[in-house]
Every structure is written in structure tokens, then in C-alpha cells.
Participant: 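The structure that follows is given in the form of C-alpha cells.
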Amino acid sequence: MKKKINVNWSQFAILICLILMFVFFSLNARNFLSYKNVINILKQVAMYGICAVGMSMVIMTNGVDLSMSSTMGLISVLSALMDNAGMNIFLTVTICILIGALVGAINGFNVNEVGMFPMIATMGAQVLVRGIAYIVAKGIPVYITDTNTSKLSYMGQGLVFGEVPFQIIIMFILFAVGIFILTKSVYGRQIYAVGGNQEAARLAGISYKATRYKAYIISGICAAIAGMVYAGRVGSGQPTGGAGYESFIVPACVLGGVRLGGGEGKLQGVLIGVIFMGVLSNGLIMMNVDTYWQTFAQGAVLLASIAFDKVASSSDLKKKSRDTQKEKDKKEA
Amino acid sequence: MQEERILEVKGLTKVYPGVIALNKVDFEVTRGEVHALVGENGAGKSTLIKCITGAEKATEGTIVFDGLEYSHINPSEAIRRGISTIYQEFNLVPFQTVAENIMIGRYPNKFSIINDKEMRRQARAIMEELGVPIDIDTRVSTLTVGYQQLVEIAKAVSRNAKLIIMDEPSAALTSNELNYLFKIIDQLKQKGISILYISHRLEEIFEICDRVTVFRDGEMITTMNVRDTNKDELIKLMVNRELSNSYPHTALPRGRKSLEVRHLNTSLLKDISFEAYEGEILGFSGLVGSGRTEIMRAIFGADRMDSGEIYLYDKKYVPTSPQKAIKNRIGYISEDRKKDGLCLHLNIKENTVMADYGAVSRFGVVNERQITDATKKECEKLRVKTPSYQQLAKNLSGGNQQKVVLAKWLFANCDVIIFDEPTRGIDVGAKQEIYALMHELVQQNKTLIMVSSEMPEMLGMADRIIVMHEGRIMKELMHDEADQQTLLKYASNAA
């Protein structure tokens with residue numbers, strides 16, 4: 001039997017954009033195309049990538065989690081404090097993950113039970129959690145006292161096999177887990193169903209509340225992991241850590257094909273989206289573009305690529321519906 | 001002198017790559033007539049409409065509308081020339097007023113500042129002319145579907161439409177609203193406006209249409225005066241085969257009592273008590289809004305009930321959520337498949353197994369192969385027409401979508417299955433298949449509960465009919481006691 005290959009053109013588009021951009025920078029920026037720099041790019045996007053896994057799932061349930069950035073900040077402070085107190089790293093990680101999950105559960109509660117819009121609920125949590133981070137850190141960074149032996153530092157600076165940064169591995173592991181959840185688990189199906197049509201999902205016996213709780217908890221956990229990596233990487237817990245990360249994470253998800261409004265998206269695409277964002281900012285730095293113009297260029301390329309993506313997917317859609325009409329007609333003819 | 005024909009289609013052909021959707025179609029509509037267009041899904045009706053309104057470009061042939069000959073027209077040009085289309089999905093802005101919706105895109109204004117008074121005056125004039133009793137200052141979102149449709153018609157009339165195309169206008173209307181629609185159509189006719197009326201409900205065609213044109217497989221089969229034909233002939237022409245018995249269901253011996261509802265009350269329902277048995281189809285008749293759907297949703301746990309008791313096979317059952325209902329093997333095919341029956345963005349497979357992931361997964365991990373097998377089994381049984389089970393639900397025709405919804409509940413293996421308007425908006429062929437399936441399910445000792453606004457379907461399929469009026473049960477009738485008049489009498493509380 002001939003298997004029909006289903007090309008998802010919109011995901012293809014972003015991949016093509018990424019390749020084009022990569023080629024452009026390779027030709028125009030010295031030292032861009034080197035093993036060291038590629039690893040560097042991945043290192044730079046690791047925290048964004050870790051967050052994007054959770055963010056994608058929340059967006060797919062027709063929500064958004066704007067509290068991730070400040071959860072990162074809080075966790076970086078808390079993990080640094082625990083590390084300095086000599087706590088066992090596994091205990092530290094466990095506690096931090098639980099705190100992240102708690103923030104997620106609160107978001108889920110506000111969205112599910114109180115009925116807040118996800119944007120407002122998580123924006124409130126963002127400010128609140130940031131406040132806690134300041135209170136705990138008394139407004140100043142908490143430096144990790146012994147960065148040489150600290151296991152927390154290893155999360156942000158360690159090398160596996162002597163050359164691959166541990167944070168990149170964490171990112172890829174989280175993507176692998178996320179892809180597994182979305183494609184192979186019952187919960188993944190429930191995310192797509194709830195995001196696609198909440199009422200239909202409910203009448204099919206899927207608890208949309210549970211589905212959303214889990215999504216926010218997962219994103220809280222992702223933010224917590226990113227927060228620990230952050231602390232390890234900069235060698236301190238920063239109460240301001242992660243601020244503004246949403247403007248990187250949400251676009252990366254959308255570029256990767258996650259539909260704002262829910263029900264559609266793949267983490268494979270999101271990974272490409274994250275790398276796309278990383279290559280863009282790294283390439284501009286390597287080309288010695290002025291910082292202010294870098295920010296400008298990032299915004300412009302971002303809008304352009306999302307527009308391109310929209311055009312590509314809508315023509316793709318038209319073609320698809322034409323195809324089905326054709327097949328339908330054929331069948332009935 | 002004015003040409004008597006408003007629309008003439010000459011040798012129109014539309015070829016999509018690989019298939020001929022319309023094959024040399026000749027067709028005409030005269031001024032002031034109500035012309036019905038019938039045919040199965042995929043017969044070419046929609047393609048014809050799309051060519052007329054400019055949404056698609058014909059491959060060959062021409063269209064003459066009101067003296068203007070074209071093979072392709074710009075859609076906005078078509079509207080300006082007087083072709084208006086009222087689709088099943090309305091093009092109304094929900095949170096704006098009726099007046100704003102009628103005048104949309106043509107607000108009377110000076111330097112872009114809207115003259116509100118003038119706008120409302122014009123809108124009111126149109127509503128009065130049509131005799132529609134809607135306050136033009138109400139928000140469209142607060143109107144019923146029927147009234148929203150009247151707003152659409154008013155919008156069309158206000159744009160000096162000469163031809164109004166109505167695509168399944170009756171699909172979502174109550175019988176009251178339908179009467180209103182017919183009255184308006186009559187008025188439009190008096191004004192010399194022509195109407196192209198597309199409907200799967202053949203009864204309506206005999207009620208209001210002058211002529212009828214039958215399409216089949218992209219070809220125009222014939223145009224007839226409605227008074228010279230009958231329903232059976234039309235069906236025969238549409239499907240090109242004799243449909244032996246419209247309703248295959250014959251009563252079977254009644255089995256065990258499966259469901260018992262005692263004194264169910266909600267804000268809308270008052271003291272509902274009834275029993276349902278294995279091997280029978282229990283029908284719920286009544287006007288839209290009489291509480292039929294609310295009973296079903298309460299049993300299914302989709303809505304909360306205030307008081308009352310429900311027994312499943314003599315065991316007490318408290319409906320708290322759809323999840324629990326499904327665990328207790330109750331299935332609910334909802335009345336609006338697009339709104340709450342399907343996840344349109346997901347493919348057939350996902351939709352089919354949605355109500356019972358447990359059967360295709362272990363430890364929370366799904367088995368892709370089992371999903372495929374299950375989908376194949378259920379969808380083949382129902383003869384879902386699709387090139388692949390990866391097809392997204394939104395790309396299927398109405399009949400096939402409904403079959404996927406049925407597949408979902410067959411797969412969930414329910415004992416009590418509630419069919420809420422099971423054949424709304426689907427063609428004759430698919431209807432037949434769904435009726436046959438219902439009969440088959442009853443033979444397997446399932447309990448079927450059917451809510452339907454279609455009288456013939458109710459009378460043809462149900463073994464026992466409960467008639468509702470304003471949240472109360474008015475009467476219970478056996479199959480032999482029921483006829484259209486009796487049902488209407490109790491439904492309108494005229495007994």
C-alpha cells in the first residue's frame with residue numbers, strides 16, 4: 001500500500017526560514033558556523049526551550065502562562081539559598097519542582113474554579129510570585145558560595161562527556177518527554193481535545209478541568225527547572241531573573257506552529273521555533289550589529305516570519321480543503 | 001419590458017482537478033418564484049451556488065443574471081447587483097445591534113461619523129416593511145437562531161436583493177420560527193424577489209416552493225413544477241435508486257427496564273418521570289425549548305439537576321458528570337455536532353476513540369495500532385466516506401461527521417444511547433443508514449432514546465413517544481396511537 005506523506009507545510013515554512021537564516025549568518029558573520037558557536041546558541045536557548053515545553057501545553061489547552069518568568073526568578077533564589085545551606089541536590093530539585101507545581105496549581109485553580117481568563121490569572125501570579133522572590137532575596141542577588149563543587153552550578157555550567165553542556169541535555173530530555181506526552185499518552189490526546197473543542201471533549205467524558213490543571217502544573221514545573229538552570233548558569237539566585245522571557249517563549253511556540261486558541265501544535269515545531277529565535281539573536285551579535293538595532297531586527301524578523309507562516313498555512317489550508325472536496329466528489333461520483 | 005428570467009445558467013461546467021463537479025448544467029430561475037434545489041451531499045448544489053455568487057470560477061459556460069452575462073463575477077459585485085446568500089452559519093456580528101447588523105458596511109455617515117438616527121430609521125423601515133417584530137436596538141446575540149435568520153434576510157432585502165439564496169434555512173428553526181420564515185418568503189415573492197431554496201427537508205419544498213430542480217452527481221436531472229411531483233419521486237430522482245422503506249424500524253419485544261427517571265426537576269424541567277426499556281426506541285417529541293434536550297443533558301450529567309432520582313437497571317445512579325455517565329455506559333449524541341459533538345481540528349481516529357481512551361491505552365500510553373483498528377471497525381460499519389482516517393473532522397460532509405459522532409458512541413460500547421436530533425442537516429442516503437443503524441442497535445438489546453423535531457422521523461422510528469410542553473411531560477403515546485396531529489396537539493398544549 002502506498003503511504004501518503006502528509007507534509008505539514010506551515011512547520012516546513014519555519015524550518016526553511018531557519019535554514020535560510022542559518023546560511024545567511026554563516027556567510028556574513030565570522031565564526032558563526034563553528035561547533036563552539038552552535039553549542040553556544042543551544043546553551044543560550046536552553047532555558048527558553050525548557051519553558052516552551054510547558055508553555056506549549058498550556059497554550060494548546062487554550063490558555064497561556066505568563067507567570068513562568070517570575071517562577072524562574074523565585075526558584076533561582078530559593079535553589080541558591082538551599083544550595084548554600086548545603087542541602088542535598090536531589091532534595092533541592094524536588095522541593096523546587098513542588099513549588100513550581102504549586103504555582104501551576106494556583107493558576108489552574110484561578111482559571112478553572114474562579115473562572116479567570118488565563119492571561120489575567122497568570123499575569124496576577126506573575127506579579128505576586130515576583131514579589132515573593134524579592135521578599136525572600138531581600139531584593140538582592142543570592143550568590144552561590146562555592147560554584148566549583150555546587151551541584152546546582154552543574155545544572156547551568158556542567159559539561160557531560162566533557163563537552164556537552166548539561167542544560168542542553170536537560171532541554172532535549174524535556175522536549176522528548178513532552179513529545180512523548182503529546183503523541184503517545186492519553187493525556188496528550190486530552191490536551192488536543194480540550195483545546196480544540198472543550199464542550200465536545202467534556203461530553204466525551206474528558207475532564208477539561210483536570211486537563212487544564214495538569215497543563216499549568218507542567219508549565220510550573222518547567223519554569224522551576226529553568227529557574228534552577230538559571231541559578232546555576234549565572235552563579236546566583238536573581239529575584240529579577242527571567243523577567244521578560246515571555247516575549248521570547250510565546251513567539252517561539254507560535255513560530256513552531258502552536259495555535260493560539262488551542263488544539264493544535266507539535267513540540268517538534270516548537271523546538272525549531274526556539275532554535276530559530278536563538279540563531280537570530282546570536283547571529284546578530286556575531287555580525288556586531290548595534291544592540292538597539294538587534295532588538296529592532298528581532299522584532300521585525302519575528303513579525304515577518306509569523307506573517308509568512310500565516311500565509312503559508314492558509315494557502316496550505318485552501319489546498320487541503322480543495323483536495324478533500326476533490327476526493328469527496330470523486331467518491332460520490 | 002423586463003425579462004421574465006432573473007437568472008439563467010447556460011452549459012455551466014466546473015472541473016476540479018480530477019473530478020467534474022458540475023457538468024453542462026442548464027438552469028433558470030424566474031422573477032418572483034421560490035425555486036427549490038435538491039440533491040444529495042456532493043451532487044453539485046453548493047458548487048453551482050458558488051459559481052453564481054462568484055466564490056468560484058466556472059470552467060465553462062455562462063451565467064446571466066438580470067441582463068448581465070458573466071462566467072465569473074467578483075463576490076462583492078454580485079451582492080451589489082442583487083444576489084444575496086444566507087448561509088447556515090450567519091454573517092452577523094453578535095455584540096452589535098440589529099440595526100447595525102442590517103446596515104453593516106453601508107452606515108449612513110458624514111466624514112466617517114455615523115448618523116445613528118438615520119441608520120436606525122432605515123433599519124426600522126426595512127423591518128416594518130417585512131413585518132418582522134424585532135426591536136432594532138437589541139443585540140443580535142440575544143436573539144434566537146430563527147430571529148437571527150430574519151435579520152439576515154432583512155439585511156439582504158435592504159441591499160435590494162433580487163435573488164436570495166437560502167442554504168438550509170430551516171435546519172435550526174423551531175416550527176414557529178419556520179412558519180415565520182415561510183410568511184416572509186411569501187412576502188418577498190410578492191415583491192418580485194426570487195428565492196433559491198436549498199433544503200434536505202422535502203416536506204418544506206411542497207409547502208412553499210413553486211418549482212424544484214434535482215441535481216445528482218454534478219448534473220441537472222430535471223426541473224419540475226412542485227405540484228406535478230411528489231416526495232417519493234423526488235427521492236428517487238435524487239438517489240437514482242428506490243429507497244424501499246424509509247423507516248426500517250419495526251417494533252421488537254420489549255426487554256428489561258434499563259432506565260428509570262423519577263421526579264426529575266431542574267430550573268426548566270418540572271417533575272419528569274419515565275421509564276425506558278431495552279430493545280425499544282423511546283422518542284421525545286415537542287417544540288424546541290420544551291425541555292427535551294435538557295432531560296437528556298441531565299441524565300448524561302452534562303447539566304445539574306435540582307432534584308429527582310435516576311435508576312439504571314434498578315440501581316441508583318446519580319449523574320454528576322459526563323465522565324460518570326460514560327462509565328455507566330450511557331452515550332449522548334448531542335444535537336449540534338459541530339458545537340459539541342466533534343473536535344473539528346482533530347482527525348477521525350481521535351474523534352472516534354475520544355470517549356473511551358481506556359480501551360486503547362495502557363498505563364496512560366495510547367496504542368496507535370488499536371486506535372486505527374478500532375476506528376476502521378466502527379467507521380466501516382457506518383460506511384464513513386473518507387479517503388483516510390487521518391482526515392480532519394472539519395473536512396467531512398455533514399452526514400459523515402454525524403457518522404463519526406455515532407462511531408464514537410459505538411466504540412464506547414454504551415447500553416443506553418441518547419440520539420438528540422440524529423439526522424439534522426444530512427442527506428437522505430445518510431439518514432437511511434443512520435436509521436438502519438438505530439434498528440440494528442435495538443436488536444442488540446440496547447436502549448435508544450431519540451429526541452427529534454422531525455415529525456416523520458419520530459412517527460417512523462419511535463416505539464413509544466413522550467410529548468413535552470414547557471418542561472412537562474404532556475402525554476405518552478404508543479407507536480400506533482401517534483400521528484402528526486396528536487403530537488402537535490399535545491406539544492402545543494391544545495389538548
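Reminder, nothing fancy here: chain letters follow the sequence lines and each chain counts from 1.
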Participant: Can you tell whether the side chains of A:E199 and B:R297 come within less than 4.0 Å, N to carboxylate O?
Facilitator: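 The answer is yes: the pair qualifies as a salt bridge.
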Participant: Give the member of A:G195, A:G196, A:S185, A:A200 that has the highest number of heavy-atom pairs under 4.5 Å with chain B.
Facilitator: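 Greatest number of close heavy-atom pairs with chain B: A:A200.
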Participant: Name the region of B:S334, side chain, backbone, both or neither, that has any atom closer than 4.5 Å to a heavy atom of chain A.
Facilitator: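 The answer is the side chain of B:S334.
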Participant: A:A204 and B:K408: which non-hydrogen atoms are nearest, and at how many Å?
Facilitator: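 Between these two residues, the closest heavy atoms are CB-NZ, 4.2 Å.
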Participant: Rounded to the nearest 0.5 Å, what separates atom NZ in B:K349 from atom CZ in A:R189?
Facilitator: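 The CZ atom of A:R189 is 8.0 Å from NZ of B:K349, to the nearest 0.5 Å.
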Participant: Quick check for you: among B:G364, B:S388, B:S361, which has the greatest number of heavy-atom pairs under 4.5 Å with chain A?
Facilitator: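 Top count of heavy-atom pairs under 4.5 Å with chain A: B:G364.
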Participant: Look at atom NZ of B:K324 and say whether more than 12 heavy atoms of other residues, nucleotides or ligands are closer to it than 6.0 Å.
Facilitator: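 Yes, NZ of B:K324 has more than 12 neighbouring heavy atoms, counting only those of other groups under 6.0 Å.
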Participant: Please name the pair of heavy atoms, one in B:W409 and one in A:L203, separated by the smallest distance, quoted to 0.1 Å.
Facilitator: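 Nearest heavy atoms, B:W409 then A:L203: CH2-O, 3.3 Å.
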Participant: Is the number of heavy atoms from other residues, nucleotides or ligands under 6.0 Å of B:E60 CD greater than 12?
Facilitator: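 12 or below, so no.
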Participant: Looking at B:M354 and A:A193, what are the two nearest heavy atoms and their distance?
Facilitator: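 Reported closest heavy-atom pair: CE-CB, 3.7 Å.
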Participant: Do side-chain atoms of A:N197 reach the backbone of B:G341 as a donor and acceptor pair under 3.5 angstrom?
Facilitator: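 Such a contact is absent between A:N197 side chain and B:G341 backbone.
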Participant: Would you check if the side chain of A:R202 reaches a backbone N or O of B:A302 as a donor-acceptor pair within less than 3.5 Å?
Facilitator: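 Yes, the answer is positive, given that a donor and an acceptor are paired below the 3.5 Å cut-off.
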Participant: Quick one: what part of B:I330 sits under 4.5 Å from any heavy atom of chain A, side chain, backbone, both or neither?
Facilitator: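 When you check distances to chain A, no heavy atom of B:I330 falls under 4.5 Å.
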Participant: About how many Å separate CD of A:Q198 and SG of B:C343, when rounded to the nearest 0.5 Å?
Facilitator: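 Here the interatomic distance stands at 10.5 Å.
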Participant: Less than 4.5 Å to any heavy atom of chain A: does that hold for the side chain of B:L342, its backbone, both, or neither?
Facilitator: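 Only the backbone of B:L342 comes within 4.5 Å of chain A.
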Participant: Looking at B:V365, B:N351, B:V366, which makes the most heavy-atom pairs under 4.5 Å with chain A?
Facilitator: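 Top option by heavy-atom pairs under 4.5 Å: B:V366.
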Participant: So which residue, A:S207, A:G263, A:G188, ends up with the most heavy-atom pairs under 4.5 Å with chain B?
Facilitator: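 The residue among A:S207, A:G263, A:G188 with the greatest pair count is A:S207.
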